[in-house]
Amino acid sequence: MDNKTIEATLLEIARTLELKGENPFKVRAYENAARAVASLEEDVATLIREERLKHIPGIGASIREKLLELCGTGQLAYLEELRAGIPAGVFDLMKVQGMGPKKTKAVWELLGVTSLEELEKACRDDRVAHLKGFGKKTQDKILSGLALLARTRDRVLRAEALPQARRLADALAAVEGVERVEVAGSLRRGRETVRDVDILVACPKAEPVMEAFVAHEDVADVIARGPTKTSVHVHSGLQVDVRVVPPESFACALAYFTGSKEFNVHLRQLALDQGFTLNEYSLRPLDGTPAPALATEAELFGKLGLAYVEPELRENTGEVDAARAGTLPTLVEPGDIAGVLHVHTTWSDGVGSVADMVEEAARLGYGYVGISDHSQAARYANGLSPERLRAQREEVEAARAAHPGLVVLHGVECDILSDGALDLPDDCLAELDFVIASVHTELGMDRDRMTARLVRAVSHPLVRVLGHPLGRRLLERESSQFDWEPVLEAAGHNGVAIEVNGQPQRLDADWIHIRRIRARGVKLCINPDAHAPGTLDDARRHALVEARRGWASRDDVVNSLPADRFVSEFLRRQAAPARPARARR
DNA sequence: GCCGTTTTCGGCCCGACTGTTTTCAGTCG
């Protein structure tokens, strides 16, 4: 049983307990356990087998027993029992904004509502408004919550949300008296997808800021408006929350609104242990002495005995302890990325020519760029045959001549066929500077076959990078299933790097597996998977953030090497690409 | 249900806003 299923099971228990009005701390315990499982770098089954489950924080004796049963039998009697009598559709009701466990329970038990359709009908029939604790406004709010749920996906890609957030943040920064504006929340933490946008504003007076915010042309409707906090939907359906705090509170507020929630809980507990109470305004001593002035988050963390924790790490998965012990990694920075591979052109499914893409790489200041179009099996993408690949080389040579300061590498993104063989013959691959091997077909293949397929591919001596290993598309398609250990073992043995793909809907490998890859000593290659000049910098814009979330430092990233070492130490090829300016014929 | 150099029992982060209320419960983050 995979971790994802276990996580879902624990969350279902939490939702069920909530609905039954159980002790909220018990609910939280199951939520925490679910998070603990989700962020594991290894399978629960492995931890059970090696009796290491007891060392996982958040999983105590009781939940451990349940995981043993779940992994052993594939079932859980406790959950079956809890589930009895609750129609599955009731859980959908809790997805409606404003519907928590109490209101859900009320409409279900008192009105017999067990689906979103029935909830809408009950509202339209004016039955919800007459329930105790409900009213006309609540009923209307539920209706608009239902409409929103139908119209939008629950979450949006970070890359989609970020420009919308920046636009509003820029507008608020222009309001008179505003001292600072910061996009906080999960966007600042670099989550792949976000549910809403949090913008923090430092200003002595909140009212003008809120006025400007709700009057902004992007705002569709106002959800809630108070003196310090206002929530709206913008026209895309995305929710945006703005908080205004006095300038002297900015550091505490930024930490608070950046989250994660679990990180905040941990931080506040730590504060209590040390005789403080922490909220979004200040770190206040419990003995009544004045709160210290804190100008930055680093000062706040310092007061608590912690090194500065980068936003990308604030998921309460060990970073607080590491900050206390001084063992946090120095995360890879944009400036560390010396060059990129995985760039498509008009030869396959890109929209820029070889010259366009190389030109853009030069403009961005990269030291090397690797052209890698699809191979022939990718018919849909106009993949390249050996003949076309050889023909493409002339354009690559021309680009080299045009940019003597840039190392232009010629490679391919070669399909991994269903049996793990590569899509192009070895003699063809051997003529190239590098090979990225990627799966594009039969992504849903069963776990054992997929594992064998990937192991065979990364064991091929000419393969340098395993492209987008999970094959996921965020909000659309789940990851492929395979066992990472044998794949990483083979990759490590063959010196193959695992890609961190910068397409906003891929971000693949993901941060949790990146931590696992690093732990095995396998290198990462931070790539854009660019299909247009404008996406060439997605390596630094998106893939880098994912790598940082995976605690990656410069040394984990193979394309932090300067061009000469990248070629000689990683590509291990002494031939032409290291000296692009020299004539070959 | 988890957790523990003050604790194996009794805590468990903290605040904003709304709507239905005559003082607060529910939801959200």
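Here the structure is a predicted model, which means the values were calculated and not measured. Proteins come first, then strands; the chains are lettered A, B, ... in the order of their sequence lines, and each starts at number 1.
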Self-check item: Pairwise C1' distance for B/dT21 and B/dG26, with rounding to whole Å
Solution: 12 Å
Quiz item: Rounded to the Å, how far apart are A/Leu131 CG and B/dG26 P?
Solution: 13 Å
Quiz item: Thinking salt bridges, do A/Glu262 and A/Arg28 make one under a 4.0 Å N-O criterion?
Solution: no
Self-check item: Span that lies between the C1' atom of B/dT8 and that of B/dC2, in whole angstrom
Solution: 12 Å
Practice problem: Between B/dC13 and B/dT23, how far apart are the C1' atoms? Round to whole Å, please. | Solution: 24 Å
Practice problem: Measure from the side chain of A/Thr138, starting at C-beta and using heavy atoms only, and say which of B/dG15, B/dG19, B/dG1 lies closest. | Solution: B/dG19
Quiz item: Would you call A/Glu310 and A/Arg548 a salt bridge, using N to O less than 4.0 angstrom?
Solution: yes
Quiz prompt | B/dG15 phosphate, OP1 or OP2, under 4.0 Å from A/Asn279 side-chain N/O | solution = yes
Self-check item: Separation of the C1' atoms in B/dG1 and B/dT5, to the nearest angstrom
Solution: 24 Å
Quiz prompt | Sugar-phosphate only, base, or nothing, as touched by A/Thr277 at under 4.0 Å among non-hydrogen atoms | solution = sugar-phosphate
Self-check item: Residues A/Glu31, A/Arg15: salt bridge by 4.0 Å N-O rule
Solution: yes
Practice problem: Scan A/Gly259 against the nucleic acid and name what it touches under 4.0 Å (heavy atoms): base, sugar-phosphate only, or nothing. | Solution: nothing
Quiz item: With a 3.5 Å cut-off and just heavy-atom distances, do the side chain of A/Asn23 and the base of B/dG1 make a donor-acceptor pair?
Solution: yes
Self-check item: Same-atom distance (P) from B/dT20 to B/dT27, integer angstrom
Solution: 13 Å
Self-check item: Proximity to the side chain of A/Lys137 - top-ranked nucleotide from B/dT20, B/dG15, B/dG1
Solution: B/dT20
Quiz item: Out of B/dT20, B/dC14, B/dT18, which nucleotide sits closest to the side chain of A/Ala224?
Solution: B/dT18
Exercise. Quick one: label A/Lys105 by what it contacts on the DNA or RNA (base, sugar-phosphate, nothing), any heavy atom closer than 4.0 Å.
Key: nothing
Exercise. Rounded to whole angstrom, note down the P distance from B/dC12 over to B/dC17.
Key: 25 Å
Quiz item: Given atom CG of A/Leu270 and atom C1' of B/dC14, what is their separation to the nearest angstrom?
Solution: 16 Å
Self-check item: B/dT7 to B/dG11 separation - P atoms, rounded to the nearest Å
Solution: 15 Å
Quiz item: Given A/Leu93, which of A/Val113, A/Ile142, A/Leu146 fulfils the side chain to side chain contact (heavy atoms under 4.5 Å, CB included) condition?
Solution: A/Val113
